[in-house]
4 protein chains.
Amino acid sequence: MHESLKEKVLEANLDLLRHKLVIFTWGNASERDPETGHIVIKPSGMPYNEMKTRHMVVLDADGKQLEGDLNPSSDAATHVVLYRNFKNIGGVVHTHSEWATSWSQSGRSLPPYGTTHADYFYGEIPCTRALTKEEIEDDYEVNTGKVIVETFRDLDYGSMPGVLVHGHAPFTWGKDGRDAVHNAVVIEEVAKMGFRTEVLGHRDPIEQFLLDKHYLRKHGKNSYYGQK
Amino acid sequence: MHESLKEKVLEANLDLLRHKLVIFTWGNASERDPETGHIVIKPSGMPYNEMKTRHMVVLDADGKQLEGDLNPSSDAATHVVLYRNFKNIGGVVHTHSEWATSWSQSGRSLPPYGTTHADYFYGEIPCTRALTKEEIEDDYEVNTGKVIVETFRDLDYGSMPGVLVHGHAPFTWGKDGRDAVHNAVVIEEVAKMGFRTEVLGHRDPIEQFLLDKHYLRKHGKNSYYGQK
Amino acid sequence: MHESLKEKVLEANLDLLRHKLVIFTWGNASERDPETGHIVIKPSGMPYNEMKTRHMVVLDADGKQLEGDLNPSSDAATHVVLYRNFKNIGGVVHTHSEWATSWSQSGRSLPPYGTTHADYFYGEIPCTRALTKEEIEDDYEVNTGKVIVETFRDLDYGSMPGVLVHGHAPFTWGKDGRDAVHNAVVIEEVAKMGFRTEVLGHRDPIEQFLLDKHYLRKHGKNSYYGQK
Amino acid sequence: MHESLKEKVLEANLDLLRHKLVIFTWGNASERDPETGHIVIKPSGMPYNEMKTRHMVVLDADGKQLEGDLNPSSDAATHVVLYRNFKNIGGVVHTHSEWATSWSQSGRSLPPYGTTHADYFYGEIPCTRALTKEEIEDDYEVNTGKVIVETFRDLDYGSMPGVLVHGHAPFTWGKDGRDAVHNAVVIEEVAKMGFRTEVLGHRDPIEQFLLDKHYLRKHGKNSYYGQK
């Protein structure tokens, strides 16, 4: 079942490789079927250049495996938590992309230093708190999802489609898998430029009105970027 | 109309991709027809690998759309202001290239640290002041053009074919679209090397006479670089 | 003899090039035949794009050349020492990859700053002490192997499949040549991200329980990453 | 005349592009014919992808143009000075490669921080003094050569096949054009790793005996790297 969705998810995963966000078997992209709520995700530990549509794994909304001979990504439980709590998203991506991961490792949120950031992320990209020993030893992947949800208690996941997990790496999401990949590329770009902005001696985020202008000219009802 | 110019503008835009100055739909290149003063520019929000000659948009000197089914680049108004004020230019480029954008985000002008810089930019590449709240909320793209023009009040746009817009990214120009792309590549190179020069502990621009030598051996009536 | 092993060793060496860990004739990969204990290694000073299976050199467990018209890699003696002392390894790789070499040159061990590191290296990747004048002048390559072994006196080479040689560059190992290459890629990735993590202002390794979780979900009897 | 040498020089120049040491028309490689002392060099300002064997320019030992419809590289006079003073070299290369140029711009000599450096450059790679106003305004390219020669008054150009010109960029040389290109690649690699070594907090060159070991195992009468 979900054959066309499997194709889309395969392509989203291969895009991670094309954008040089992953090597070997690292990273994973998934997408949710809007009707059934089923989640299609890549299998665990399979190299990208061997992956075919038939290897994609189908899970139900609770993460129970419905189809597929292979184990799902070891991070599948995190995806499930995100889909359950972020009702309007349709795709999730996790990578260890080099710049965003460096920020995650530093335990720092990424301030909006310019309009590239503002075009996609409406404010500082948050870094979660570190997980406790108990949260790591017991149900680690579920708790990774939960700490992301906790981080968004007062944040809008719709206008902030990504997060840096403390000591780990980024997760991004979007309206589908392709959109989540897009946001994974952008978080990497702004992490890279943010690093260099700081080395050049700058530490102030852009003004709120510039952030508003760029975010809102691309998103929302008065947007005017792109075509109708 | 302007079919051959559309081809040139398409190529200039694709060159941005080839030189890795843009990803997705970011960036834009335009060129002005010297006879009519019409401006050909890429459409807004279209991926580079789908763009064809027929998608190019034609504007008059005031930015009014003369031809094309698609909306022009959202930054078209900035291009229009630059063409109106910098009489002798024939091409304009805007990118979010990673190194020049990092300098823009830092709000710093880029000092001439070596002869690579001096070969193309005759002095410090200026960073504009930040736009005010009013300038951003009302006619943002026009005001981006105006703040660039203001920055060049006492500068020669002919020998300084680029600028860093505060908190945003670079604009470059030249005698045509291809030349503006060329300058966009060079600003990226010197932004990268300038960053590293500073990290190595150096903060003094090169001497004026070395700047003169390199700029003037490539440009102007006594130049001797290249072929006649 | 060892024709299929030679093919594997050639491929492992070519993978170093594909992963951009080596240029010119730099670097070397070897593999040990588990039955005879013979070692197949690349020849010294031969460009990767000219290397064929027939150029591979066969050594016995003491480093004596058994087959091959060409001299073995100048670092062959280091490989021999590692195979002799690390009984369970089947492959060794040496590169001058740019990030791991920068750490080696700094004389610093590489702290585990994130889960990418923890997925492969169970703790800080050690940097050896500097060799003495005597160790360098007499039997340099053997002594390079010995100082690595000395560094692992209280470390488990099984869960720490790599080392930074002081003032020199990394060595990695694994169950075969391919696995050693894999670890050479990972040491480069974590060296790069570790550098950036420090520049971003962070200097604390991740907690032991997060290190345990990630290492042990991929390795050992209770691992659950990948397929059975 | 010198048809086969022209082919070699063309290839050496194209190698600069392949190794990503140059963009556009930047950089130049030349080679000297050992019998006649004639120098073959690339033309000025011609893009690499349009360059053919027939475009190569032949100069005599004094820099007088013997053959070729095009002007020689604007840096030809510097090459001539180097060939005249460094009797045993057969090739010269100049690039604005990004890392070595950053060191040149910082006005700093590049200390030997590791064995990669020691394998090719026997000690600190010197940075010249800055040229004076007079030296720049009058016979600039000749004086660039002269300041390099001055820098090597007490240095052996044979074991130190490169230099950083203050505020400008590197020059390298070797037994032929291909060898000079090789050294241009290596200077770039060690400039990159040296930068990172310093950022990681390290500022001491390697010990003389390690420098000796690595340089001498590759060069000179007791070398044992590579094949006989």
Side-chain angles (χ1 to χ4, degrees), chain C residues 22-27 43-47 55 57 68-77 94-110 127 130-141 143-144 164-170 191-192 194-196 198-199 203, chain D residues 15 18-21 97-100 110-121 174 178-179 181-219 222-228:
Chain C
V22 297
I23 55 171
F24 297 131
T25 63
W26 302 4
S44 182
M46 172 169 281
H55 297 130
V57 179
D69 300 327
L70 300 170
N71 296 334
S73 162
S74 58
D75 298 308
H94 172 53
T95 78
H96 286 208
S97 64
E98 56 185 69
W99 289 98
T101 300
S102 297
W103 281 86
S104 296
Q105 292 190 165
S106 79
R108 294 183 52 202
S109 299
L110 174 52
C127 184
L131 290 175
T132 64
K133 188 167 188 294
E134 291 67 34
E135 289 169 324
I136 285 171
E137 291 179 349
D138 184 20
D139 262 345
Y140 171 58
E141 291 81 8
N143 287 326
T144 298
L164 303 165
V165 176
H166 196 287
H168 189 164
K192 179 167 58 182
F195 174 98
R196 292 168 182 168
E198 291 199 351
V199 173
R203 291 254 169 178
Chain D
D15 275 342
R18 291 178 193 124
H19 286 293
K20 300 184 191 305
L21 300 180
S97 65
E98 57 185 69
W99 289 98
L110 175 52
Y113 285 131
T115 61
T116 319
H117 185 121
D119 280 337
Y120 293 87
F121 296 93
R178 181 191 171 88
D179 195 35
V181 172
H182 197 105
N183 289 327
V185 174
V186 178
I187 208 173
E188 183 69 359
E189 284 295 305
V190 296
K192 179 167 57 182
M193 298 198 297
F195 174 97
R196 292 168 181 166
T197 300
E198 290 198 352
V199 173
L200 286 169
H202 188 77
R203 291 253 169 177
D204 294 319
I206 56 173
E207 297 283 355
Q208 184 63 38
F209 43 85
L210 182 55
L211 186 69
D212 287 348
K213 181 68 192 182
H214 267 263
Y215 190 77
L216 299 173
R217 81 174 187 168
K218 286 199 77 160
H219 307 270
N222 294 317
S223 66
Y224 56 90
Y225 182 92
Q227 309 300 328
K228 290 298 159 196

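The sequence lines fix the lettering, A, B, ..., with proteins before strands; numbering per chain opens at 1.
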Is C/Glu135 close to chain D through its backbone or its side chain, or both, or neither, when contacts mean heavy atoms under 4.5 Å? neither
Is there a side-chain contact (heavy atoms from CB on, under 4.5 Å) between C/Phe24 and D/Val186 once you walk through the steps? CA-CA 10 Å; C/Phe24 297 131; D/Val186 178; 4.2 Å; yes
Among the options C/Ser74, C/Ala130, C/Ser73, pick out the one with the most heavy-atom pairs lying under 4.5 Å from chain D. C/Ser74
Evaluate C/Asp138 against D/Lys213 for salt bridge (charged side-chain N to carboxylate O under 4.0 Å, His left out), listing each step before the verdict. CA-CA 10 Å; C/Asp138 184 20; D/Lys213 181 68 192 182; over 6 Å; no
Contacting region of D/Asp119 [heavy-atom separation from chain C under 4.5 Å]: side chain
So among C/Ser102, C/Ser106, C/Ser97, C/Ser104, which one has a side-chain contact (heavy atoms from CB on, under 4.5 Å) with D/Met193? C/Ser102
Counting only heavy atoms closer than 4.5 Å, note whether D/His117 contacts chain C via side chain, backbone, both or neither. neither
Quick check: do D/Tyr225 and C/Thr25 have side-chain heavy atoms less than 4.5 Å from each other? yes
Report the residues that fulfil salt bridge (Lys or Arg N to Asp or Glu O under 4.0 Å) with C/Glu198, sequence neighbours left out, ordered by chain and then residue number. C/Arg108, C/Arg203
Taking D/Glu189's backbone N and O only, do any of them form a donor-acceptor pair with C/Glu98's side chain (distance below 3.5 Å, no angle check)? no
Distance-minimising heavy-atom pair for D/Thr116 and C/Gln105: OG1-OE1, 4.4 Å
Mind checking the CG-OH spacing from D/Asp212 to C/Tyr140? Nearest 0.5 Å is all I need. 12.0 Å
At what distance, to the nearest 0.5 angstrom, does CZ of D/Arg196 lie from OG1 of C/Thr101? 10.0 Å
Under 4.5 Å, counting heavy-atom pairs only, tell me which of D/Ala118, D/Gly226, D/Gly114 racks up the most with chain C. D/Gly226
Proximity breakdown for C/Val199 and chain D, heavy-atom pairs closer than 4.5 Å: side chain
Spacing of D/Leu210 atom CG and C/Thr132 atom OG1 [to the nearest 0.5 Å]: 11.0 Å
Identify which part of D/Ile206 has an atom lying under 4.5 Å from any heavy atom of chain C, answering side chain, backbone, both or neither. side chain
Partners passing ring pair (Phe, Tyr, Trp, His ring centres under 6.0 Å) against C/Trp103 (at least two apart in sequence or in another chain): none
Below 4.0 angstrom, N of the basic side chain to O of the carboxylate: do C/Lys133 and D/Glu207 qualify? no
Cut-off 4.5 Å, heavy atoms of chain D, and the answer for C/Pro72 is neither
Scan side-chain atoms only and decide if D/Tyr224 and C/Ser44 contain a donor-acceptor pair under the 3.5 Å cut-off. no
Quick one: pull up NE2 in D/His214 and NE2 in C/His168 and give me the separation to the nearest 0.5 Å. 4.5 Å
Identify which part of C/Leu131 has an atom lying under 4.5 Å from any heavy atom of chain D, answering side chain, backbone, both or neither. backbone
